[in-house]
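Atom set for the values below is all heavy atoms of this structure, side chains included, hydrogens, waters and symmetry mates excluded. Here is the naming used below: chain letters follow the sequence lines, and residue numbers restart at 1 for every chain.
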Amino acid sequence: DQQVKQNSPSLSVQEGRISILNCDYTNSMFDYFLWYKKYPAEGPTFLISISSIKDKNEDGRFTVFLNKSAKHLSLHIVPSQPGDSAVYFCAGLYNNNDMRFGAGTRLTVKP
Amino acid sequence: DAGVIQSPRHEVTEMGQEVTLRCKPISGHNSLFWYRQTMMRGLELLIYFNNNVPIDDSGMPEDRFSAKMPNASFSTLKIQPSEPRDSAVYFCASSSYPGAGGDEKLFFGSGTQLSVL
């Protein structure tokens, strides 16, 4: 039962361009949505989050957009840098600490 | 702060053997999670504890899997008997519950790469 879906397993972009990673969810009870970044041989680390009552949250080069009616969120990285190359996981949070993740999208930023 | 500590980093075992994965959460955190990462399902929640009490173990795939948290600073995930399809990376994560303003963040360990031959 995948409550969070990331349908693109991989994405490749040129350095300096925009990266857009997408995520869909089915659970209407999620209170927050979070993005985590994972490098090889390391655990995921928190990147950015958004409350379910907002439609946008920005932190430096990273912006997350939420469309509740479509049950869709996206992560924008502008400009993309080679160091952003990693696997990005989308997650939904409910009951204050029950967090469900998607399958992840591998981002490659080419110099 | 040492972060979440998992051991071992790598485990290679033969089918049918018992496997025990260990986790030490961040000091002061009262929620602990076990996730499994596979190519097909990504990060899959197996079980989580609040204040050492299991809250939701619906993600535990079979009775072969069991998890314990005897105290606030230690948890184990056991697979007995192990099967080749259990091969995956197993992550432990911890957090403070309830969080401030609902802005929860999980802190992950580096994971245990399990290979069952």
Are A:Val4 and A:Leu11 in one and the same hydrophobic cluster, where Ile, Leu, Val, Met, Phe, Trp and Tyr link if side-chain heavy atoms are under 4.5 Å apart? yes

ILVMFWY network linking A:Phe30 to A:Phe65, side-chain heavy atoms under 4.5 angstrom: no

List the atom of A:Phe89, the atom of B:Gly42, and the distance in Å for their closest heavy-atom pair. CE2-CA, 4.4 Å

Quick check: do A:Phe101 and B:Arg41 have side-chain heavy atoms less than 4.5 Å from each other? no

Just to be sure I understand the criterion: a residue of residues 43-81 of chain B counts if one of its heavy atoms is under 4.5 Å from a heavy atom of chain A. Which ones qualify? B:Leu43, B:Leu45, B:Tyr48, B:Asn50, B:Asp56

Stepwise side chain to side chain contact (heavy atoms under 4.5 Å, CB included) check, A:Arg100 with B:Tyr35: CA-CA 10 Å; A:Arg100 306 291 170 143; B:Tyr35 286 90; over 6 Å; no

A:Pro44 to B:Phe91 - nearest heavy-atom pair and separation: CD-CE2, 4.0 Å

Pick from B:Gln6, B:Met40, B:Gln113, B:Gln37: which one has the most heavy-atom pairs with chain A under 4.5 Å? B:Gln37

If I measure from the heavy atoms of chain A, does B:Phe33 come under 4.5 Å with its side chain, its backbone, both, or neither? side chain

Counting heavy-atom pairs closer than 4.5 Å to chain B, which one of A:Gln6, A:Lys38, A:Glu42 comes out on top? A:Lys38

How long is the gap from OG1 on A:Thr45 to CG on B:Leu106, to the nearest 0.5 Å? 11.5 Å

With chain B, which of A:Ala91, A:Gly104, A:Ala41 has the greatest number of heavy-atom pairs at distances under 4.5 Å? A:Ala41

Going only through I, L, V, M, F, W and Y residues with side-chain contacts under 4.5 Å, is there a path from A:Leu75 to A:Ile20? no

Should A:Tyr94 and A:Leu73 be regarded as members of a common hydrophobic cluster, given that ILVMFWY residues are connected when their side-chain heavy atoms come within less than 4.5 Å of each other, either directly or indirectly? yes

Establish, yes or no, whether a centroid distance under 6.0 Å links the rings of B:Phe108 and A:Tyr36. yes

